[in-house]
There are 2 protein chains.
Amino acid sequence: MGDKSYPGAMNDTEWLRLDRQICFSLHAASRAFNGVYRVLLKDLGLTYPQYLVMLVLWEQGDLPVKKLGEQLRLDSGTLSPLVKRLEGAGLVRRERSAADERSVLVRLTGEGAALRERALEVPRRIMSATGFDLAEIVDLRARLDQLTTALDAAAAAEARGAR
Amino acid sequence: MGDKSYPGAMNDTEWLRLDRQICFSLHAASRAFNGVYRVLLKDLGLTYPQYLVMLVLWEQGDLPVKKLGEQLRLDSGTLSPLVKRLEGAGLVRRERSAADERSVLVRLTGEGAALRERALEVPRRIMSATGFDLAEIVDLRARLDQLTTALDAAAAAEARGAR
DNA sequence: CACAATTAAGTTGCGCACAACTAAATGGGG
DNA sequence: CCCCATTTAGTTGTGCGCAACTTAATTGTG
């Protein structure tokens, strides 16, 4: 490499520059998204990851921590303290399952369920903040999911290789 | 899911579900990307944000912390400890500017400059991990940048409105 | 020139992500 | 039946991101 005599051939410097651009774009987009949600969610007293947890609970009802983690691809190291903070805010309760004492069920309180009403305006405000229309959003989401699937597979393969 | 009798009509439940999907997709993609880089960068002893800083330094040479922050949209609260860790690893030195004693110049050491050689294979391995071709990557990057610009503008407008 | 406003870097505190680990309950194989 | 591998939560430690604050140097304005 290091030849730019024909199209598609990039030298080292160009590859690194492109990588910087890609890295930065995704990193910046993620933080920008986070920033807009942070502003909108401030009124609700939620952080962005807490909002994600509440969205899942509003949609699917009470869930054990394990299931929450599967939905959001987060482990107990992240979820345990997060759910405790939601409990501290009075939005959920945690209950040991009687059937399986290892499992902890996260239940919405009345207050937590009621918060949904105040969250209803968030999605539309986000949508308008992006300046994208519905089709573009859906398309972007599809690409991102495709990317995530590929990256997860590659990371798994890499981990296997390093073993 | 629900009524899709005419386009553009979604009820609250569907909006929340869509928002969960979008939030999650971007959040997950960002973390998946981070995860792949984490694996690849482990050999280099760099984290993903540290790699971003090194990419900028390799490309643009020694820079004051301020300029680094502008390039990466990171403030001193994030950069100061990060650069200190890079200094601890022997990759950069920090030097107070003689001309302006407020400013701190971040300079690559020989070791830091040499690390670039070992980083050259990273971009192509990332590219192959995504399963996307160059055109798709470049297109995705353009969309993400567009998104970031819109979101930053919206956040700024929101902040002005709240003041 | 004096002094207030601005600027650059750093510090503190909080929450998230993740790796590595512990503790306790469960379930399966000898 | 007992032991051990597995499963589920939780804890600890590190680094990042960001808000709010501090410190020190510089700039600008009367």
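Heavy atoms only: backbone and side chains are in, while hydrogens, waters and symmetry mates are out. Each chain gets a letter, A, B and so on, in the order its sequence line appears, and its residues count up from 1. Everything quoted here is computed from the prediction, not taken from an experiment.
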Can you tell me the distance, in whole Å, between the [atom1] atom of [X] and the [atom2] atom of [N]?
X     : N      : atom1 : atom2 : result
B/L41 : C/dC18 : CG    : C1'   : 15 Å
A/K66 : D/dT6  : NZ    : C1'   : 11 Å
B/L82 : D/dT14 : CG    : P     : 16 Å
A/Y37 : C/dG15 : OH    : C1'   : 19 Å
B/F33 : C/dC18 : CZ    : P     : 15 Å
A/R94 : D/dA9  : CZ    : C1'   : 9 Å

Would you confirm whether A/R31, through its side chain, and B/R73, through its main-chain N or O, come within 3.5 Å as a donor-acceptor pair?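 At least one qualifying donor-acceptor pair exists.
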So does B/R17 get a backbone contact from the side chain of A/W58, meaning a donor-acceptor N/O pair under 3.5 Å?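 No: the side chain of A/W58 does not pair with the backbone of B/R17.
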Ion pair B/D12/A/R124, N-O distance below 4.0 Å: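 Looking at A/R124 together with B/D12, the answer is yes, because their closest N to O distance falls below 4.0 Å.
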Side-chain heavy-atom pair [X], [Y] within 4.5 angstrom cut-off:
X      : Y     : answer
B/E14  : B/N11 : yes
A/V65  : A/R94 : no
A/Y37  : B/D19 : yes
A/L147 : B/F33 : yes

Is the phosphate of D/dT11, meaning OP1 or OP2, less than 4.0 Å from a side-chain N or O of A/S80?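 Looking at the OP1 and OP2 atoms of D/dT11, neither is under 4.0 Å from any side-chain N or O of A/S80.
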Would one find a side-chain N or O of B/K67 under 4.0 angstrom from OP1 or OP2 of C/dT7?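 Result: no.
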Under the side-chain contact (heavy atoms from CB on, under 4.5 Å) rule, collect the residues that match up with A/T149, sequence neighbours excluded.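 Scan of A/T149 (side-chain contact (heavy atoms from CB on, under 4.5 Å), adjacent residues dropped) gives none.
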Scan nucleotides 18-27 of chain D nucleotide by nucleotide, 5' to 3', and note B when protein non-hydrogen atoms come under 4.0 Å of the base, S if they reach only the sugar-phosphate, - if neither. BS-----BS-
Does B/L79 reach a base, just sugar-phosphate, or nothing at all? Heavy atoms under 4.0 Å.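 Here B/L79 touches no strand at all.
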With the threshold set at under 4.0 Å for non-hydrogen atoms, list the residues of residues 48-58 of chain A touching DNA chain D in residue-number order.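 Under 4.0 Å from DNA chain D: no residue of residues 48-58 of chain A.
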Between A/H27 and A/L105, who's closer to the 5' end of DNA chain D by nearest nucleotide?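 In this pair, the answer is A/L105.
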On a heavy-atom basis, which atom in A/P64 and which in A/L105 lie closest, and how many Å separate them?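 In terms of heavy atoms, the two residues are closest at N-CD1, 3.5 Å.
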With respect to the side chain of A/S103, which nucleotide from D/dG10, C/dG10, D/dA9 is positioned closest?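 The answer is D/dA9, which lies nearest to the side chain.
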